[in-house]
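Reviewing the structure listed below.
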Amino acid sequence: MRFATWNVNSVKARLPRLLEWLAATKPDVLCLQETKVGAEAFPSAEVAELGYETAAYGQGRWNGVALLSRVGLSDVRRGFDGEPGYPDPEARAISATCGGIRFTSIYVPNGRTPEDPHYVYKLAWFAGLRAALAQSSGPAVVAGDFNVAPTDDDVWDPGVFVGATHVTPPERRALADLRELGFTDVVPRPMKGDRPFTYWDYRAGMFHQNKGMRIDLVYATADVASAVRDAVVDRDARKGKGPSDHAPVVVDTDPGSVF
DNA sequence: ATGACGTATAATATACGA
């Protein structure tokens with residue numbers, strides 16, 4: 001199986017690139033984030049022409065997540081039990097069973113700054129996600145924009161991030177709490193350079209200088225993680241005219257593995 | 001060259017992103 005995660009930063013604005021990428025990469029399952037459309041406006045018909053079923057969860061202007069699958073898509077759940085909101089729950093998580101694996105596409109709250117109420121919300125959201133995942137069992141993949149760089153090696157210059165969100169000990173603790181549930185961080189290889197960054201700010205030529213962050217993560221249960229044969233950041237998708245500021249992470253499991 | 005911010009909206013400025 002090939003599965004992937006990609007923060008597309010608006011599925012409407014990215015639709016031509018998304019369709020081109022799907023046709024070329026052919027993932028069996030794709031976790032999308034920041035679709036920025038309501039479920040009714042998701043381009044389901046367009047991706048259906050490429051053989052994909054869609055489950056979308058959106059609220060219009062902000063957030064929005066979706067799952068695309070060509071290996072089945074069942075038991076769709078939007079959000080999760082006990083999900084915190086700001087104050088109301090936002091479209092940040094969607095789950096479905098595809099090819100025997102329970103996939104969850106997540107877009108974790110940004111947090112803005114460690115002093116901001118959104119930072120408290122971010123940590124509460126992680127805690128809620130952890131509690132919900134603790135209630136489930138079986139092969140699972142939680143993939144998406146975690147908005148946390150797991151280590152200092154996952155940002156281009158730790159000095160720049162002193163006092164900033166995405167690198168604080170409580171945020172990294174939230175990731176560790178998920179791993180303690182039995183999830184493995186499937187670290188991809190970079191296509192180029194020494195570190196597998198997945199996000200580069202649009203501004204000031206950050207991509208071209210490889211000043212990025214690894215914040216798009218794939219967390220897999222042991223059965224799935226042990227079947228992984230390759231994982232890569234598709235930085236080609238960050239190139240050219242009109243890219244998202246995030247690159248997809250593409251994971252291949254052993255063809256002999258059945259879940 | 002990958003090439004110097006982008007997306008969305010009750011819009012011509014503002015919120016948000018990380």
Side-chain angles (χ1 to χ4, degrees), chain A residues 5-18 20-21 24 32-43 56 58-66 86 90-92 106-123 125-126 144-172 174-175 190-217 232-249:
Chain A
T5 182
W6 193 9
N7 178 326
V8 288
N9 186 17
S10 170
V11 74
K12 282 185 182 174
R14 217 66 58 210
L15 186 57
R17 289 186 71 121
L18 172 63
E20 179 184 20
W21 184 86
L32 289 170
Q33 303 87 37
E34 281 207 84
T35 54
K36 297 185 176 178
V37 290
E40 77 292 341
F42 193 93
Q59 59 184 79
R61 185 175 190 180
W62 306 118
N63 312 313
V65 287
Y86 196 87
E90 301 174 311
R92 296 184 176 278
I106 65 169
Y107 176 50
V108 178
N110 173 288
R112 301 189 182 181
T113 72
E115 297 75 32
D116 196 291
H118 286 87
Y119 178 83
V120 178
Y121 169 44
K122 181 179 193 174
L123 295 178
W125 198 89
F126 265 124
D145 182 351
F146 283 57
N147 268 324
V148 179
T151 74
D152 280 352
D153 284 339
D154 295 309
V155 295
W156 60 275
D157 180 0
V160 171
F161 291 86
V162 173
T165 185
H166 291 59
V167 300
T168 66
E171 290 168 283
R172 288 174 171 169
L175 296 184
M191 273 185 167
K192 180 184 173 185
D194 60 341
R195 288 182 288 176
F197 297 144
T198 64
Y199 163 85
W200 301 261
D201 196 295
Y202 283 124
R203 290 166 285 193
M206 298 291 271
F207 178 65
H208 320 293
Q209 301 168 68
N210 198 27
K211 294 180 176 176
M213 308 171 73
R214 185 172 78 95
I215 54 175
D216 298 272
L217 309 179
V232 63
V233 179
D234 184 1
R235 70 189 303 282
D236 286 344
R238 181 65 176 77
K239 298 178 181 177
K241 183 176 174 57
S244 169
D245 42 2
H246 296 251
V249 177

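Computation of the quantities below employed the complete heavy-atom set of this structure, encompassing side-chain atoms and omitting hydrogens, waters and symmetry-equivalent molecules. Predicted, not measured: the structure shown is a model, and the values here were computed from it. Per chain, numbering begins at 1; letters A, B, ... match sequence-line order.
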Let me know the distance between [atom1] of [X] and [atom2] of [N], rounded to the nearest Å.
{"X": "A:His118", "N": "B:dA15", "atom1": "NE2", "atom2": "P", "value": "13 Å"}
{"X": "A:Asp236", "N": "B:dA1", "atom1": "CG", "atom2": "P", "value": "16 Å"}
{"X": "A:His166", "N": "B:dC16", "atom1": "NE2", "atom2": "C1'", "value": "12 Å"}
{"X": "A:Asn147", "N": "B:dC16", "atom1": "CG", "atom2": "P", "value": "15 Å"}
{"X": "A:Glu90", "N": "B:dC16", "atom1": "CD", "atom2": "C1'", "value": "12 Å"}
{"X": "A:Lys122", "N": "B:dC16", "atom1": "NZ", "atom2": "C1'", "value": "14 Å"}
{"X": "A:Glu34", "N": "B:dC16", "atom1": "CD", "atom2": "P", "value": "13 Å"}
{"X": "A:Tyr107", "N": "B:dC16", "atom1": "OH", "atom2": "P", "value": "11 Å"}

Touch check for [X], heavy atoms < 4.0 angstrom, all strands: base, sugar-phosphate only, or nothing?
{"X": "A:Asn210", "value": "nothing"}
{"X": "A:Met213", "value": "sugar-phosphate"}
{"X": "A:Arg238", "value": "nothing"}
{"X": "A:Asp201", "value": "nothing"}
{"X": "A:Phe161", "value": "nothing"}
{"X": "A:His246", "value": "sugar-phosphate"}

Could you write out each protein N or O paired with an N or O of nucleotides 6-9 of chain B at a distance under 3.5 Å?
residue, atom, partner, partner atom, Å
B:dT7, OP1, A:Arg14, NH1, 3.2
B:dT7, O3', A:Ser10, OG, 3.3
B:dA8, OP1, A:Ser10, OG, 2.2
B:dA8, N3, A:Arg61, NH2, 2.7

Taking the [atom1] atom in each of [N] and [M], what is the distance between them to the nearest angstrom?
{"N": "B:dA4", "M": "B:dA8", "atom1": "C1'", "result": "23 Å"}
{"N": "B:dC16", "M": "B:dA10", "atom1": "P", "result": "15 Å"}
{"N": "B:dG6", "M": "B:dA11", "atom1": "C1'", "result": "16 Å"}
{"N": "B:dT14", "M": "B:dA18", "atom1": "P", "result": "22 Å"}

Under 3.5 Å, is there a donor-acceptor pair between the side chain of [X] and the main chain of [Y]?
{"X": "A:Thr198", "Y": "A:Arg214", "answer": "no"}
{"X": "A:Tyr107", "Y": "A:Ala91", "answer": "no"}
{"X": "A:Arg195", "Y": "A:Pro190", "answer": "no"}
{"X": "A:Tyr199", "Y": "A:Asn147", "answer": "no"}

For the residue pair A:Lys12 and A:Ala41, what are the closest heavy atoms and their distance? CE-CB, 4.2 Å
For A:Lys239 and for A:Asn7, locate the closest nucleotide of DNA chain B by heavy-atom distance; then report the residue assigned to the nucleotide nearer the 5' terminus. A:Lys239
Judged by each residue's nearest nucleotide on DNA chain B, which is more toward the 5′ side, A:Val108 or A:His208? A:His208
How are the rings of A:Trp6 and A:Trp21 set to each other: parallel, tilted or perpendicular (split at 30° and 60°)? tilted
Return the orientation label for the A:Phe207 and A:Trp200 ring planes: parallel under 30°, perpendicular over 60°, tilted otherwise. perpendicular
salt_bridge(A:Arg172, A:Asp152) N-O dist < 4.0 Å: yes
